[in-house]
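Some notes on the structure that comes next.
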There are 2 protein chains.
Amino acid sequence: MTRQKAEAGQTETKSGWKQNPEAVKADILAVALAEFSRNGLSGARMDEIAAKTRTSKRMIYYYFGSKEELYQKALEAAYAEVRKGEEALALSHLAPVEALGRLAEFTFDHHRRNPDFIRLVMIENIHDGKYLEQSETIGSLNQAAIRNIAEIYERGVRDGVFRKGLSPLRIHWIISAISFFNVSNQATFSLLFGKQLFGEAGQELARQDAREAVLGFVRA
Amino acid sequence: MTRQKAEAGQTETKSGWKQNPEAVKADILAVALAEFSRNGLSGARMDEIAAKTRTSKRMIYYYFGSKEELYQKALEAAYAEVRKGEEALALSHLAPVEALGRLAEFTFDHHRRNPDFIRLVMIENIHDGKYLEQSETIGSLNQAAIRNIAEIYERGVRDGVFRKGLSPLRIHWIISAISFFNVSNQATFSLLFGKQLFGEAGQELARQDAREAVLGFVRA
DNA sequence: GACTCATTTAACCGGATGGTACATTTTAAT
DNA sequence: ATTAAAATGTACCATCCGGTTAAATGAGTC
């Protein structure tokens, strides 16, 4: 998204062309993503989004139809963007314990790297997932995460280092919970219990804890 | 909150009195809590809150001043309410492993029992905790949870069943993460990965998993 | 170089929404 | 009974805000 926006800007600057629908759409989406993430669906302002865009409010309605549709498209774009960062993690050559530990740490870091996405997911959950539900571009790459874990878990059970009776989904659930919560609830948690866990050193500890919790969960 | 509302209703009905400030305030807070939890701060409508109240919009402003102040008071009330349910869990007579396991399961259930509270906390995190921060009634009973864990953990280390080097805060963090996520992200998680974990049987599994993850995390 | 369609601009609208002015009633104190 | 303060009812307002109307501009086509 951000990358595409930058390109669009250059193209416009270089050529002086006026019409460039794809760039305009990408620009709107990027701004919308940021605004919805910051303020939520009802909290975001179409005028504000338009102002931060290189185009006008009229254009937003021209391409996206309504605030809700824009939100949905921004949500889809956010998922797509974050999914890209999930690929390319080769774990099958590692021993099961090490592979799962790496996966936990990677997921932990990946969530930290994408706070805006986390916020959007929180917002979407406030809406009971009704917009993600309407989306057609969902059930694709998420299943890959499960298959990834399945492969590791089965090897671990075969080697006798993981206990039997678990499902990849439940392992993924634990990893997600810790990684997500670490970002989503940072504000309230640190208000109630102090900021220790959210500084540089604290987050290093937290990552190790995420790893240990997951491994402790599956270990035989 | 709910209890107090019911009492207020009865009092009003019985006596026919008109003025009853405390009951009116409690009524407003209860309605506000539900509405803000459902729709967020910007999404909630003052007119709607007023309509669901036994009193008028005028009264809301008379007692609470503004939408934001009402939200803050509702948030505080929610925390206070939920805290009450956390007390009275005697664990010091149990062996460390059993005590911590029970605590994990209890916390898991307690979160499930209070979805509205969870939603409010999510909403507050979207606002970066700025309203909770302004509150004066925060840092009180939350520390009790930490002390509770500290007691169990220290016994566990002494007995050699828990590993050294952890802090009660980090244990609490893990327990909270799993318990919170299980409620907060139910919508999106079940959309992406299916509803298996959120049915009757699934949640029973999830609770056991919460227990196992925590115990696996601290076990020597 | 006229025609056509996609794209863009600028001004505008009507209802929703947070908040208020003002009069009135109720309660407690004297 | 009188009075002052607290509590409440009614009607209203100014602004915000999602969305639109209508007309103009650019680009590819023949």
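We name chains A, B, ... by the order of the sequence lines, and we start the count at 1 in each one.
Here D:dG18 presents its P atom at 8 Å from CD1 of A:I49, a figure rounded to the nearest Å. Across the protein-nucleic acid pair, A:Y61 atom OH and D:dA22 atom C1' stand 18 Å apart, rounded to whole Å. What separates CG of B:D47 from C1' of D:dT10 is a distance of 14 Å, to the nearest Å. We find that CD1 of A:I60 is positioned 14 Å from C1' of D:dT20, with the value rounded to whole Å. Taking atom CG of A:D27 as the reference point, atom P of C:dT8 lies 11 Å away to the nearest angstrom. A:E35 has its CD atom 11 Å from the P atom of D:dG18, to the nearest Å. Rounding to whole angstrom units, CG of residue B:L70 and P of C:dT17 are separated by 16 Å. In this structure, the CD atom of B:E48 is 15 Å from the C1' atom of C:dG18, given to the nearest Å.
Of the candidates D:dA7, C:dT20, C:dA6, C:dA6 carries the atom nearest the A:Y62 side chain, counting heavy atoms from C-beta on. Of the candidate nucleotides D:dA7, C:dG18, D:dT8, D:dT8 has the atom nearest to the side chain of B:V24. The side chain of B:T55 lies closest to D:dG9, out of D:dG18, D:dG9, D:dA7.
Side-chain contact of A:T188 with B:E124: a donor-acceptor pair under 3.5 Å is absent, judged by distance alone. Side chains of A:Q186 and B:D128: a donor-acceptor N/O pair is absent below 3.5 angstrom, by distance only.
Dashed line: the shortest gap from a side-chain N or O of B:Y63 to OP1 or OP2 of D:dT8 is under 4.0 Å. The phosphate of D:dG9 has OP1 or OP2 within less than 4.0 Å of a side-chain N or O from B:S56. Between A:R45 and D:dG18 there is a side-chain N or O to OP1 or OP2 distance below 4.0 Å.
Nucleic acid contact class of A:M46 (heavy atoms, under 4.0 Å, all strands): sugar-phosphate only. Using a 4.0 Å heavy-atom criterion, one finds that A:A50 contacts no nucleic acid atom at all.
With A:R119 contributing its side chain and A:R38 its backbone, the two residues share a donor-acceptor pair below 3.5 Å. The closest donor-acceptor contact from the side chain of A:K73 to the backbone of A:F64 lies at 3.5 Å or more, if one exists at all.
A donor and an acceptor atom sit less than 3.5 Å apart, one in the side chain of B:K57 and one in the base of C:dG19. Side-chain atoms of A:R58 and base atoms of C:dT7 include no donor and acceptor less than 3.5 Å apart.
Taken from CD in A:E48 to CD in A:E35, the straight-line distance is 5.0 Å, to the nearest 0.5 Å.
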